[in-house]
2 protein chains.
Amino acid sequence: MAISQEISYRLERLILDGGLAPEQKIPSERQLAARLGVSRAVIREALHELQGRGVIETRHGKGSFVASMVPQPDNTSDHSPLMHLFEGHPRTLYDLLEVREQLEGQAAFLAAQRATSLDRHRITKAFKALEDTDPLSNARPDHGFHLAIVEASHNPVLVHVLNSLKNMMLMTVQASVANLNPREEMRKKIVRQHRQLYDAVMEGKPAIAQKVATAHVRFVSEAMRDMEKQGSKVIRMPVPGEIPARDSLQNPH
Amino acid sequence: MAISQEISYRLERLILDGGLAPEQKIPSERQLAARLGVSRAVIREALHELQGRGVIETRHGKGSFVASMVPQPDNTSDHSPLMHLFEGHPRTLYDLLEVREQLEGQAAFLAAQRATSLDRHRITKAFKALEDTDPLSNARPDHGFHLAIVEASHNPVLVHVLNSLKNMMLMTVQASVANLNPREEMRKKIVRQHRQLYDAVMEGKPAIAQKVATAHVRFVSEAMRDMEKQGSKVIRMPVPGEIPARDSLQNPH
DNA sequence: ACGGAACACTGGTCAGACCAGTTTTTAATT
DNA sequence: AATTAAAAACTGGTCTGACCAGTGTTCCGT
């Protein structure tokens, strides 16, 4: 494997494991290059990979910083890079969610139809983990729950595609879910949706499971749209093992 | 904003738009550098960003390729990987069709809802080409018709995902159509389905379009299942996947 | 103390070279 | 002529060292 990738993985693990705190400054490119005994070019390439997956932010003349996972008190500048992203190319994000809506629904349908006892056990476990977790930091359990259902669909293609789509979504998105949770009404609704989804799948009711799952994604999507309108900040929250992507594009054709 | 980021955005947009198909090779770093008038370093940094997002894959000595959102068949063996798929893992094919069923339906739904006059023109053109073609060799028009509809959905993510699926599916549509068409009853049904789909999209009836498109894929899928049971061979019919160039990044050749 | 000019950082870009895999072309051998 | 093996022409991976462009600090003259 390429050196730049080894370094990016190494740095990412360091960051996600807490070795480097959010907002903390990363050593300068020249320092890293010297310390790791490689050229500055590979350091830059490694940093660009991390940048691509939203793990770090780089500011010209200042340095690179671990992306914050926590709401940032108003940053002097009126436009954080993240908001800028949303403002500039919000389309793809919703395009992504649009497709996900459909596929999560199908996954739920199939899961309700095909789940084995082992699947049910896994789903139940994930569901309980979701309930037992602090709502403010349940991005991981949330992901685990949905993943368990998708896998119970027993359609590897579906699993792979949904995984790809999730990876292509900004961490920002996942974080936004975490952002939604603090709002009591939202959190309640989401919890109820999860409960409904869980019940439908476990009781083997495909049609209902599909409906609930689709509605769930749509709900999150619309909630984000609202947040965007209100100008609320969308926060990053890296989740290990996930490779989010940024959106782009505005108009096809 | 940094040049490397502008380039990565541009490339990502190209890819998500479908201008660069999954598994398609991206111009070499030196070519991109020359064509875009920048140094190779910034090209590499841009590509590393996309790599971090999982949008592209890079292989030493070979080049960079648009990442497929679908597990790739065993390409190691140069002996008709498709047949291998059919014979060895027939499940995968139906898994693919299962997902496609859903997505083609969604595409049709969105197309009926969002198609512009230009889209309608394209769809009509493709539809007529489909009708005017010898049923025994209309794999390409068939593909063109469905593609026109997908693109009219104005969801680049959907375009890209379906592209991935089709890419891997050995052009199931084409192959199956070629196989199904000779059977008179089948051919008639398929023609009628196409007609219904066309009408629904052109008349702006999303619900109907979705239903028809879904049913169409399911029909083809089940027909193939029947054929398989009867022991009929499912024949591969390769069709050069061509994606029209929409940007100066394409290889002129 | 103040202001501003150097200076010392930071990342961003460029150029050209060379290494390491892969593919194609060429040329020698059979 | 067909095969095969060497050579050339690709591809990405790394290195070097230079210079530009923002940012922050230091220090000096007023």
Side-chain angles (χ1 to χ4, degrees), chain A residues 1-11 15 20 23-68 75-82 84 246, chain B residues 1-11 15 20 23-68 72 74-79 249-253:
Chain A
M1 179 176 286
I3 297 180
S4 64
Q5 272 169 55
E6 285 176 9
I7 292 179
S8 80
Y9 284 150
R10 210 166 132 186
L11 284 176
I15 291 170
L20 291 174
E23 280 305 288
Q24 184 172 342
K25 186 178 179 183
I26 292 173
S28 77
E29 296 174 353
R30 289 173 177 86
Q31 281 178 31
L32 283 174
R35 186 177 323 179
L36 300 181
V38 297
S39 76
R40 200 182 143 208
V42 312
I43 295 293
R44 285 184 60 77
E45 286 163 8
L47 292 182
H48 273 83
E49 276 181 42
L50 295 181
Q51 205 176 328
R53 51 183 90 165
V55 177
I56 68 170
E57 283 177 12
T58 297
R59 259 110 55 167
H60 188 171
K62 292 185 175 177
S64 292
F65 305 81
V66 177
S68 63
N75 278 350
T76 58
S77 60
D78 46 356
H79 55 294
S80 86
L82 291 190
H84 180 266
R246 199 172 314 197
Chain B
M1 180 174 284
I3 297 180
S4 64
Q5 272 168 54
E6 285 176 10
I7 291 178
S8 78
Y9 283 157
R10 197 167 147 190
L11 284 175
I15 291 169
L20 291 174
E23 283 304 290
Q24 184 172 343
K25 187 178 178 183
I26 292 172
S28 77
E29 296 174 353
R30 288 173 177 86
Q31 280 178 33
L32 283 174
R35 198 168 315 181
L36 299 182
V38 298
S39 76
R40 204 182 140 207
V42 313
I43 295 294
R44 285 184 61 76
E45 288 163 6
L47 292 182
H48 273 83
E49 274 181 44
L50 295 180
Q51 207 175 325
R53 292 175 208 168
V55 177
I56 69 171
E57 286 176 9
T58 297
R59 259 110 54 167
H60 188 170
K62 292 186 174 177
S64 291
F65 305 81
V66 176
S68 169
Q72 282 310 113
D74 229 357
N75 269 342
T76 52
S77 64
D78 40 353
H79 288 65
L249 290 176
Q250 289 289 327
N251 288 315
H253 204 302

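Below, chain A is the first sequence line, B the second, and so on; all start at residue 1.
In this entry the distance linking CD1 of B/Ile26 with P of D/dG12 reads 10 Å, nearest Å. The separation between A/Arg30 atom CZ and D/dC15 atom P is 16 Å, rounded to whole Å. Counting to the nearest Å, the P atom of D/dG13 and the NE2 atom of A/His48 are 15 Å from each other. The distance between atom CE of B/Met1 and atom P of C/dT13, rounded to the nearest whole Å, is 11 Å. Between A/Glu45 atom CD and C/dC14 atom C1' the separation is 14 Å, expressed in whole Å. Rounded to a whole Å, the CG atom of B/Leu32 is 14 Å from the P atom of C/dC14. When the C1' atom of D/dT16 is taken as reference, atom CD1 of A/Ile43 falls 15 Å away, rounded to whole Å. The CD atom of A/Glu57 sits 14 Å away from the P atom of C/dG11 (whole-angstrom rounding).
Counting distance only, with no hydrogens placed and no angle test, the side-chain atoms of A/Arg40 and the base atoms of D/dG17 include no donor-acceptor pair under 3.5 Å.
At a threshold of 4.5 Å between non-hydrogen side-chain atoms, the residues B/Arg44 and B/His48 count as touching. The shortest side-chain heavy-atom distance between A/Ile56 and A/Ile15 falls under the 4.5 Å cut-off.
Taking only side-chain nitrogens and oxygens, B/Gln31 comes nearer than 4.0 Å to OP1 or OP2 of D/dT11. Contact annotation: A/Ser39 does not reach the phosphate of D/dT16 (side-chain N/O to OP1 or OP2, under 4.0 Å).
Shortest non-hydrogen contact noted between B/Gly54 and B/Ala67 is O-CB, 3.4 Å.
Summarising the geometry, atom CZ belonging to B/Arg53 is positioned 11.0 Å from atom CZ belonging to A/Arg53; distances are rounded to the nearest 0.5 Å. To the nearest 0.5 angstrom, A/Leu47 atom CG is 6.5 Å from A/Leu11 atom CG. Rounded to the nearest 0.5 Å, atoms OG1 (B/Thr58) and CD (B/Glu29) are 7.0 Å apart.
In the displayed structure, B/Arg59 atom CZ is contacted under 6.0 Å by more than 12 heavy atoms of other residues, nucleotides or ligands.
Using a 4.0 Å heavy-atom cutoff across all strands shown, B/Ile3 reaches sugar-phosphate atoms only and no base atom. Base engagement by B/Arg44 is indicated by at least one non-hydrogen atom pair under 4.0 Å involving a base atom.
Of the candidate nucleotides C/dT13, D/dT14, C/dG11, C/dG11 has the atom nearest to the side chain of A/Ser28.
Across the interface with DNA chain D, nearest-nucleotide mapping of B/Thr58 and A/Val38 shows B/Thr58 to be the residue nearer the 5′ end.
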Quiz item: When you check every protein heavy atom under 4.0 Å of nucleotides 21-26 of chain C, what one-letter string (B, S, -) results, 5' to 3'?
Solution: BSS---
